[in-house]
Amino acid sequence: MTDAETTVGELSEGQILRGILDRLPPSTAPVGPGDDAAVLSVPDGRVVATTDTLVHGPDFRLAWSSPFDLGFKAAAVNLADVAAMGARPIALLVALAMPDKTPVSFVRGFADGLGAACAELAPGCAVEGGDLTVSDTLTIAVTALGSLDGRDPVRRSGARVGDGVYVIGELGEAARGLALLFERFTDATGAPLVLTPEARAALPPGEARALSRQLTPRPPLAEAIRAASSGATAMMDLSDGLVLDATRLADASGVTVALDAATLGDEPARALDGGEDHGFLVTFPADAAPLGRRVGTIVERASEAVTVDGRPWDGPGGWDPYRDWDAGRG
């Protein structure tokens, strides 16, 4: 029986786990996968920790994402949260809950994506443990750990009046890719159609790039860590939309973020409302050497947490799963 025909329900947990570990880079931890817990070396003595969950339906569609895509994205979105604190990612812990009819080939492709994301985005970071279980809904939960390497963490609450507001990375491309999927790869009922490799290869370069930014985001982690060493006063991962995330930073810091629409490209609405860019929103004081592109200024707290060209933004501002998830959309 081939891997494509074998399902996880036909194997033991140990066999599935061995198939994952065999595809990942070797652990560099003092104690890696195989015991009840991993033991990590953290030179700084402090550990930055975060977790994120991807659920089939609101967070991804198997019709659109390959197993490799899902592994890559699951790693990338968590690595970005670690880097947003100014920390260097050192380890991932991955929990995978899947239906028993899931092909073993899916698990191996997923592991390949995890390994590729670590190697490309955070060399030296590895999968050091996790968990496997069964579920009717495919669910991926990743915990990421990082070391500050002697730096203080950069928090959302540090922005000060007069700081410049900068974006490291892109805005709106991931949202453009998601819109492409819903416009081009759903049927009349809104159910997703399979995105075949042939259909993906036939897309024009601009559309293919936007789709890649949605399915396999590549957050600029090294630049975020450099920002922490370059005087950043506040920083956060841009995952839910510029306006929504800027609101969180403004509320934490007790300020207003005044954005300039002219700095946001040809589609400012998509830049402001779109999510999953996984770039970084950073504030720098006037005497710092900033990274990224300036998009606004920190001003005294007003009635609105965020303004665009001096006015409140009347769009959705970003993605809120409790407000925006519609099970009828597939």
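Please read these numbers as outputs of a predicted model, since none were measured by experiment. Worth knowing before you read on, the calculation uses all heavy atoms, side chains too, and leaves out hydrogens, waters and symmetry mates.
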[X] and [Y]: which non-hydrogen atoms are nearest, and at how many Å?
{"X": "Val282", "Y": "Ala227", "value": "CG1-CB, 4.3 Å"}
{"X": "Ile168", "Y": "Glu223", "value": "CG2-CB, 3.6 Å"}
{"X": "Phe280", "Y": "Ala80", "value": "CE2-O, 3.3 Å"}
{"X": "Ala175", "Y": "Gly274", "value": "CB-CA, 3.6 Å"}
{"X": "Pro219", "Y": "Ala76", "value": "CG-O, 3.7 Å"}
{"X": "Thr53", "Y": "Ala141", "value": "OG1-CB, 4.0 Å"}

At what distance, to the nearest 0.5 angstrom, does [atom1] of [X] lie from [atom2] of [Y]?
{"X": "Ser157", "Y": "Leu249", "atom1": "OG", "atom2": "CG", "answer": "8.5 Å"}
{"X": "Ile140", "Y": "Leu114", "atom1": "CD1", "atom2": "CG", "answer": "8.0 Å"}
{"X": "Arg226", "Y": "Leu291", "atom1": "CZ", "atom2": "CG", "answer": "6.0 Å"}
{"X": "Ile225", "Y": "Leu148", "atom1": "CD1", "atom2": "CG", "answer": "10.0 Å"}
{"X": "Thr50", "Y": "Leu145", "atom1": "OG1", "atom2": "CG", "answer": "9.5 Å"}
{"X": "Trp64", "Y": "Thr186", "atom1": "CH2", "atom2": "OG1", "answer": "6.5 Å"}

Within a strict 4.5 Å, meaning less than it, do heavy atoms of the [X] and [Y] side chains meet?
{"X": "Pro285", "Y": "Arg160", "result": "yes"}
{"X": "Leu211", "Y": "Leu181", "result": "yes"}
{"X": "Val165", "Y": "Leu281", "result": "yes"}
{"X": "Arg88", "Y": "Cys125", "result": "no"}
{"X": "Tyr166", "Y": "Val295", "result": "no"}
{"X": "Val107", "Y": "Met98", "result": "yes"}
{"X": "Pro89", "Y": "Leu79", "result": "yes"}
{"X": "Glu128", "Y": "Leu92", "result": "no"}

Report yes or no: do [X] and [Y] belong to one cluster of Ile/Leu/Val/Met/Phe/Trp/Tyr joined by side chain heavy-atom distances under 4.5 Å?
{"X": "Leu238", "Y": "Leu259", "answer": "yes"}
{"X": "Leu215", "Y": "Leu193", "answer": "no"}
{"X": "Val77", "Y": "Leu221", "answer": "no"}
{"X": "Val47", "Y": "Met85", "answer": "no"}
{"X": "Val104", "Y": "Val134", "answer": "no"}

- Any chance CZ of Arg155 has more than 12 other-residue heavy atoms, nucleotides or ligands included, within less than 6.0 Å?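 No, because the 6.0 Å sphere around CZ of Arg155 holds 12 heavy atoms or fewer from other groups.
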- Query: Do other residues, nucleotides or ligands put more than 12 heavy atoms under 6.0 Å from the CG atom of Asp187?
  - Reply: yes
Under 3.5 Å donor-acceptor, [X] side chain and [Y] backbone:
{"X": "Ser212", "Y": "Ala208", "result": "no"}
{"X": "Ser147", "Y": "Asp149", "result": "yes"}
{"X": "Ser135", "Y": "Leu138", "result": "no"}
{"X": "Thr51", "Y": "Val142", "result": "yes"}
{"X": "Ser65", "Y": "Leu62", "result": "no"}
{"X": "Gln214", "Y": "Ala174", "result": "yes"}
{"X": "Thr256", "Y": "Glu304", "result": "yes"}

- Message: Less than 3.5 Å apart, any donor N or O on the side chain of Thr7 or Glu10 sitting next to an acceptor on the other?
- Response: yes
- Judged by modelled atom types alone, do Thr283 and Thr233 share a side-chain donor-acceptor pair under 3.5 Å?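 The answer is yes; a qualifying pair exists.
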- Give the intermediate values and the outcome of side-chain contact (heavy atoms from CB on, under 4.5 Å) for residues Phe110 and Val94. CA-CA 11 Å; Phe110 178 79; Val94 182; 4.0 Å; yes
- Message: Which residue is it: Arg218, Arg209, Arg176? I am looking for the one with a salt bridge (charged side-chain N to carboxylate O under 4.0 Å, His left out) to Glu170.
- Response: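 Among Arg218, Arg209, Arg176, the one meeting salt bridge (charged side-chain N to carboxylate O under 4.0 Å, His left out) with Glu170 is Arg209.
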- Message: Testing Arg200, Arg61, Arg213 one by one against Asp69 for a salt bridge (charged side-chain N to carboxylate O under 4.0 Å, His left out), which residue passes?
- Response: Arg200
- Cation over ring face, Arg108 and Phe68, 6.0 Å, 45°: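 Relative to the ring axis of Phe68, which defines the angle, Arg108 lies outside at least one limit.
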- Message: For Glu276, is there an ion pair with Lys73 - N to carboxylate O distance below 4.0 angstrom?
- Response: yes
- Please report the C-alpha distance between Asp112 and Phe72 in whole Å, then the side-chain angles of each, then the deciding distance to 0.1 Å, and finally whether the side-chain contact (heavy atoms from CB on, under 4.5 Å) criterion is met. CA-CA 8 Å; Asp112 288 342; Phe72 197 102; over 6 Å; no
- Task: List the steps, then state whether side-chain contact (heavy atoms from CB on, under 4.5 Å) holds for His56 with Leu70.
- Result: CA-CA 10 Å; His56 184 251; Leu70 286 176; over 6 Å; no
- Query: Would Arg270 and Leu264 count as a side-chain contact (heavy atoms from CB on, under 4.5 Å) if you check the C-alpha gap in whole Å, the side-chain angles of each, and the deciding distance to 0.1 Å?
  - Reply: CA-CA 9 Å; Arg270 183 162 280 165; Leu264 301 177; over 6 Å; no
- Walk me through it: do Asp245 and Arg248 pass the test salt bridge (charged side-chain N to carboxylate O under 4.0 Å, His left out)? CA-CA 5 Å; Asp245 286 330; Arg248 292 165 175 161; 2.7 Å; yes
